[in-house]
2 protein chains.
Amino acid sequence: MRTEARLSPRPSNPLTREALLDAARLEFARSGLDHARVEDIARRAGVSKGAFYLHFDSKEDAFREILQRFLGVLEEQTTRRREAELAFEREVGRPGIGATLEQLMQHDCRLDTELLEVLWRNRVILAALDRATGQPYLQMVADFRRRMRQLVAGHIALNQGEGWLRGDVDPEVVGDVIVGAFESYGRRMVDLRAKPDLGAWSRAFLTLLYQGLFSPAAQRPPTGPPGASD
Amino acid sequence: MRTEARLSPRPSNPLTREALLDAARLEFARSGLDHARVEDIARRAGVSKGAFYLHFDSKEDAFREILQRFLGVLEEQTTRRREAELAFEREVGRPGIGATLEQLMQHDCRLDTELLEVLWRNRVILAALDRATGQPYLQMVADFRRRMRQLVAGHIALNQGEGWLRGDVDPEVVGDVIVGAFESYGRRMVDLRAKPDLGAWSRAFLTLLYQGLFSPAAQRPPTGPPGASD
DNA sequence: CGCATTGGTGACCACGCGGTCATTATTCTC
DNA sequence: GAGAATAATGACCGCGTGGTCACCAATGCG
């Protein structure tokens with residue numbers, strides 16, 4: 001009687017779910033989670049309000065899926081980055097031992113630019129996050145931020161131990177600076193029309209981070225204590 | 001008929017308005033502008049919902065006042081800071097010409113710490129802003145952020161022209177980094193119980209900003225091009 | 001002490017939107 | 001083409017809360 005083969009007399013449009021998510025991203029970016037109307041999301045996706053609820057339990061449900069996907073992508077990006085950093089140290093070395101600062105910066109620059117590419121592709125979500133309320137989602141973002149900060153701080157502390165990063169800067173502060181800078185730039189991307197030169201930003205950022213603002217031409221003697229020039 | 005002297009047979013409690021603003025700050029920080037209930041704000045201030053509307057036209061009105069006061073304080077802080085920076089350059093000099101980097105950093109450190117003090121005192125508002133929606137208010141914050149970024153970028157560009165800040169870092173990027181770092185740290189303050197050592201953060205931040213992460217012990221020759229150490 | 005005046009109260013209204021469900025449209029099988 | 005099964009629709013309901021307003025309370029004045 002082939003009762004097991006009869007699955008769906010009228011299969012649902014497989015594109016609808018993704019269309020709804022796309023529409024939701026735009027509406028969330030425009031109005032935030034609270035003010036976005038399910039009606040509008042559905043209409044933008046070309047279906048009715050009822051159809052929305054065939055794919056999601058609630059408005060929050062859709063938002064959660066969008067947020068989780070995004071954080072997942074960032075997570076994966078972070079994992080890849082860590083592996084690339086370890087590989088670089090294994091295969092090339094670290095500054096002073098087999099590698100120059102310039103080589104390291106070129107490598108970091110590629111990785112930072114990749115991350116910025118991810119942020120650029122998902123800038124609509126960045127806009128949505130800025131307008132989002134609701135403890136669970138803010139909590140997820142806050143937790144992610146904290147993890148990133150700790151990751152950075154751990155990385156810095158490790159390399160301070162290795163001796164090639166200066167030890168008189170609290171790694172936690174470096175975490176604030178790096179996470180803050182990316183977030184700041186990401187927020188700025190939101191209302192850019194054309195894609196900016198992400199590589200140039202990375203380059204400048206890394207120069208600032210590793211070398212500092214103070215002009216090398218006026219730099220004091222490398223190891224001497226300050227306060228003896230007037 | 002002394003109609004001009006009879007002003008208020010029953011004067012309103014002059015503390016009520018401020019109590020309402022305090023309560024509103026807390027509720028906004030807890031629940032955000034949208035989810036905070038006027039009822040709760042009023043009860044927390046010890047009055048009824050109706051009394052709230054004797055002092056404010058709407059919930060948004062109270063929020064606007066809170067936001068404007070805060071931005072005003074930041075604005076004033078910024079003005080004072082600019083004046084202090086000009087005074088320092090006028091009275092002491094700039095690195096290389098009458099002042100050492102250490103002197104400049106001590107001065108900047110005081111100013112940065114003052115700004116952090118302001119953020120610390122207003123950390124409830126920082127929490128509220130994180131949970132706020134509504135175009136006008138987000139716009140105000142976004143505009144303020146942009147102004148700050150431009151202020152920083154202009155300051156950096158100027159001093160690059162003076163020669164004591166390295167010219168190969170886009171001032172706009174420095175703006176992202178500085179504004180982002182303060183915002184990042186401010187956001188972290190929100191869920192700290194005890195007041196952290198703001199001076200230490202400033203010190204570490206400025207060291208990072210001016211000197212960079214790269215260890216001075218391993219620093220390459222001041223003016224020579226990189227890539228000659230292996 | 002009574003009256004006028006204004007502060008203060010909270011039950012109530014109105015409205016907007018999230019979510020439901022009876023109904024209709026579509027697509028599959030036989 | 002009939003019938004079954006399911007996708008899709010949109011009118012409708014319910015709820016929560018912002019804002020109002022008739023009413024009460026406190027205070028100054030004569």
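The sequence lines fix the lettering, A, B, ..., with proteins before strands; numbering per chain opens at 1.
- With rounding to whole Å, K59(A) atom NZ is found 15 Å from dG16(C) atom P.
- Taking the charged nitrogens against the carboxylate oxygens, E85(B) and R110(B) have no contact shorter than 4.0 Å, which rules out a salt bridge.
- Rounded to whole Å, the distance from CD on E39(B) to P on dG18(D) is 9 Å.
- Contact check on E89(A) versus R82(A) returns no salt bridge, with no Lys/Arg side-chain nitrogen under 4.0 Å from an Asp/Glu carboxylate oxygen.
- Atom CD1 in I41(B) sits about 12 Å away from atom P in dT17(D), given to the nearest Å.
- Contact record, R166(A) with D168(A): NE-OD1, 2.8 Å, taken as the closest heavy-atom pair.
- Between E117(B) and K195(B) there is a salt bridge, since at least one side-chain N of the basic residue sits less than 4.0 Å from a carboxylate O of the acidic one.
- Looking at E114(B) and R80(B), their side chains come closer than 4.5 Å, going by heavy atoms from C-beta outward.
- Annotation: proximity of residues 13-23 of chain A to DNA chain D (heavy atom, distance under 4.0 Å) is found for N13(A), numbered in ascending order.
- Electrostatic pairing of E183(B) and R187(A) counts as a salt bridge here, judged by a charged N lying under 4.0 Å from a carboxylate O.
- For R44(A) and E27(A), the salt-bridge test passes: some basic side-chain N is under 4.0 Å from an acidic carboxylate O.
- Centroid-to-centroid, the aromatic rings of W120(B) and Y185(B) stay 6.0 Å apart or farther.
- For the segment residues 43-57 of chain B, the set of residues with a heavy atom within less than 4.0 Å of an atom of DNA chain D comprises K49(B), Y53(B), in numerical order.
- When all heavy atoms of V152(B) and G175(B) are compared, the closest pair comes out as CG1-CA, 3.8 Å.
- By the 4.0 Å N-to-carboxylate-O rule, E65(A) lies close enough to R17(A) to be salt-bridged with it.
- Within 4.0 Å (heavy atoms only), A36(A) reaches sugar-phosphate atoms of the nucleic acid but no base atom.
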Filtered N/O pairs between nucleotides 23-26 of chain C and protein, under 3.5 Å:
residue : atom : partner : partner atom : Å
dA25(C) : N3   : R10(A)  : NH1          : 3.4

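- In this structure, H35(A) places its NE2 atom 15 Å from C1' of dG18(C), rounding to the nearest Å.
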Quiz item: How far apart are the C-alpha atoms of D112(A) and R81(A), what are their side-chain angles, what is the distance that settles it, and do they pass the salt bridge (charged side-chain N to carboxylate O under 4.0 Å, His left out) test?
Solution: CA-CA 9 Å; D112(A) 279 357; R81(A) 192 202 175 96; 2.6 Å; yes
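- Rounding to whole angstrom units, CG of residue D34(A) and P of dC15(D) are separated by 20 Å.
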